[in-house]
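We use all heavy atoms of the structure for the numbers below, so side chains are in, but hydrogens, waters and symmetry mates are not. Quick caveat, the model's predicted, so the values are computed rather than measured. Every chain is numbered from 1 and lettered A, B, ... according to where its sequence line falls, protein lines coming before strand lines.
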Number of protein chains: 2
Amino acid sequence: MITSTVENYVKQIYLQQQEDPTSLLPMGKLASAMKVVPGTATAMVKTLSDSGLVDYEPRGGIRLTHGGEQLALHVLRRHRILELFLVDVLGLDWSEVHEEAETLEHAVSDKVLERMDKLLNHPQVDPHGDPIPTAKGQIRKVRLIPLSEFAPDTAAEIARVADQDPAFLQFAEKNGLIPGVGLSLLGRDVHADSVTVRLENDVTVTLGGKAAEKILVRAATE
Amino acid sequence: MITSTVENYVKQIYLQQQEDPTSLLPMGKLASAMKVVPGTATAMVKTLSDSGLVDYEPRGGIRLTHGGEQLALHVLRRHRILELFLVDVLGLDWSEVHEEAETLEHAVSDKVLERMDKLLNHPQVDPHGDPIPTAKGQIRKVRLIPLSEFAPDTAAEIARVADQDPAFLQFAEKNGLIPGVGLSLLGRDVHADSVTVRLENDVTVTLGGKAAEKILVRAATE
DNA sequence: AATAGAAGTTTGAGGAATCAAAGAAGGGGG
DNA sequence: CCCCCTTCTTTGATTCCTCAAACTTCTATT
Ligand SMILES: [Mn+2]
Ligand SMILES: [Mn+2]
Ligand SMILES: [Mn+2]
Ligand SMILES: [Mn+2]
């Protein structure tokens with residue numbers, strides 16, 4: 001049986017793998033992402049391997065099989081549709097839906113999920129701008145540029161806010177840093193580790209490098 | 001921690017207790033309702049007793065404490081609001097929502113639940129006519145009369161369909177036996193174990209005693 | 001009263017997920 | 001080239017929920 005623990009591990013392996021798609025994911029990375037001790041991760045990975053969801057090289061690392069990746073994308077689809085549903089239909093704040101979706105993603109049936117998808121008009125992205133995999137396990141991988149690496153004097157639009165921490169999301173919202181908002185980069189100060197942008201409503205915001213990395217933009221499409 | 005297993009047991013104890021509120025609920029009844037062997041029920045009831053959710057008399061039976069009853073009502077509220085939400089907002093059929101709600105009732109937070117409640121305009125009953133407990137644990141106990149005991153030649157209205165079996169619910173729907181529908185009793189045949197009713201759309205339906213027991217009516221309020 | 005049967009309890013065991021702590025591997029720095 | 005430190009694996013235990021099967025208690029019926 002696919003327990004919700006298995007779903008959580010597989011989803012996390014997928015997300016961690018995205019960070020560095022070329023090499024095997026080390027045990028330690030997985031263990032800390034899952035907030036378990038390394039021994040627990042080793043034990044769990046063995047059962048995932050027995051179920052054919054990951055390829056496991058002892059002392060080398062792990063990688064999702066095709067089946068594992070399909071499962072991960074399915075869980076991710078549930079998670080992201082739920083987040084959007086909670087925001088758009090039930091009116092929750094975008095800063096609090098991640099936690100809710102973390103539980104609900106294991107409880108909604110496909111039938112319910114597809115009803116939500118329909119009601120939301122088959123959305124492409126969740127409230128944070130993360131792409132929603134299709135029911136068939138397709139995911140659109142768009143190349144986005146972190147604000148920290150963005151070229152000055154170019155019109156751009158916020159596409160994604162890559163952090164689920166409610167406190168950061170509340171900060172972002174308060175400062176108008178939400179997907180769909182247009183902006184242009186005013187300047188960058190390497191020594192100060194900062195970037196300054198002007199939003200479409202003419203408000204100016206300065207962010208440190210850490211924060212600027214989490215705001216992903218795309219060249220404005222006008 | 002209150003696991004979903006505990007929630008399911010407590011809810012089931014509450015429902016079984018309603019069938020015969022005067023006496024203690026015997027272990028065997030609980031075990032078969034939960035579809036576990038008697039030993040499992042005994043073990044679980046001990047932990048419920050340790051948590052202060054039930055009073056347990058070995059070899060006598062069990063009864064919910066006040067705390068246990070509050071928990072049961074809370075779970076029941078989640079279950080029934082979810083059922084209504086699934087029917088009214090997502091458009092699922094009333095015959096299939098019980099199963100869905102059985103899982104979701106353990107996954108939705110109070111915050112999400114109260115948003116659903118608001119969106120549904122603080123409903124009093126679920127799609128099957130079962131009363132929805134309030135957030136404070138109040139439940140309206142209405143005296144309803146099973147069709148099998150109803151007096152002839154009186155106008156009445158279907159208030160509840162007391163069965164969750166999808167097949168029965170589909171049958172009921174097909175025959176117009178759903179909450180809110182008016183009817184009058186045409187006749188009863190004790191030897192045939194049957195009752196015949198005329199619905200408000202002038203269709204006539206004959207039910208055996210078993211089925212007639214599940215259709216609960218109230219005197220028409222005109 | 002004696003006892004057969006039903007109902008309930010106990011015991012022993014197993015699967016899932018976890019942790020603590022001990023042990024093994026192996027890749028640099030000396 | 002070796003040993004040391006980090007990373008990983010193994011082992012032994014625990015909690016939760018479950019079953020099978022043996023055992024106990026109580027009731028009812030002769
Ligand atoms: Mn999320
Ligand atoms: Mn989750
Ligand atoms: Mn139900
Ligand atoms: Mn349930």
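For Thr42(B), a side-chain nitrogen or oxygen approaches OP1 or OP2 of dT9(C) to under 4.0 Å. Neither OP1 nor OP2 of dG8(C) sits under 4.0 Å from any side-chain N or O of Tyr56(B). The side chain of Thr5(B) contributes an N or O atom lying less than 4.0 Å from OP1 or OP2 of dC17(D). Distances shorter than 4.0 Å separate some side-chain N or O of Tyr9(B) from OP1 or OP2 on dT18(D). Contact between the side-chain N/O atoms of Lys46(B) and the OP1/OP2 oxygens of dT10(C) is found at a separation under 4.0 Å.
Ion pairing between Glu105(B) and Arg80(B) fails under the 4.0 Å rule for side-chain N and carboxylate O. With respect to the salt-bridge test (charged N to carboxylate O, under 4.0 angstrom), the residues Asp117(B) and Arg77(B) qualify.
Looking at which nucleotide of DNA chain D each of Thr3(B) and Pro58(A) is closest to, the 5′-most match is held by Pro58(A).
Protein atom CG of Leu48(B) is 12 Å distant from nucleotide atom P of dC16(D), rounded to whole Å. Rounding to whole angstrom units, NE2 of residue His106(A) and P of dA17(C) are separated by 12 Å. Rounded to an integer number of Å, the gap from Glu7(B) CD to dC17(D) P is 11 Å. Residue Met27(A) contributes atom CE, which lies 15 Å from atom C1' of dA25(C) at whole-angstrom precision. Atom CE in Met1(B) sits roughly 13 Å away from atom C1' in dT15(D) (whole-Å rounding). Separating the CD atom of Glu57(A) from the C1' atom of dG26(C) is a distance of 15 Å, rounded to the nearest angstrom. Between Met44(A) atom CE and dG15(C) atom P the separation is 15 Å, expressed in whole Å.
Side-chain atoms of Arg59(B) and base atoms of dC26(D) include no donor and acceptor less than 3.5 Å apart.
Cation-pi geometry between Lys214(A) and Phe168(A) is met: under 6.0 angstrom from the ring centre, within 45 degrees of the axis.
Scanning both residues, Leu177(B) and Val161(B), for their nearest heavy atoms gives O-CG2, 3.5 Å.
Closest contact between the side chain of Pro26(B) and the listed nucleotides dG8(C), dT18(C), dC17(D) involves dG8(C).
Here Gly28(B) lies in heavy-atom contact (under 4.0 Å) with sugar-phosphate atoms only.
For His128(A) and His98(A), the gap between ring centers reaches or exceeds 6.0 Å.
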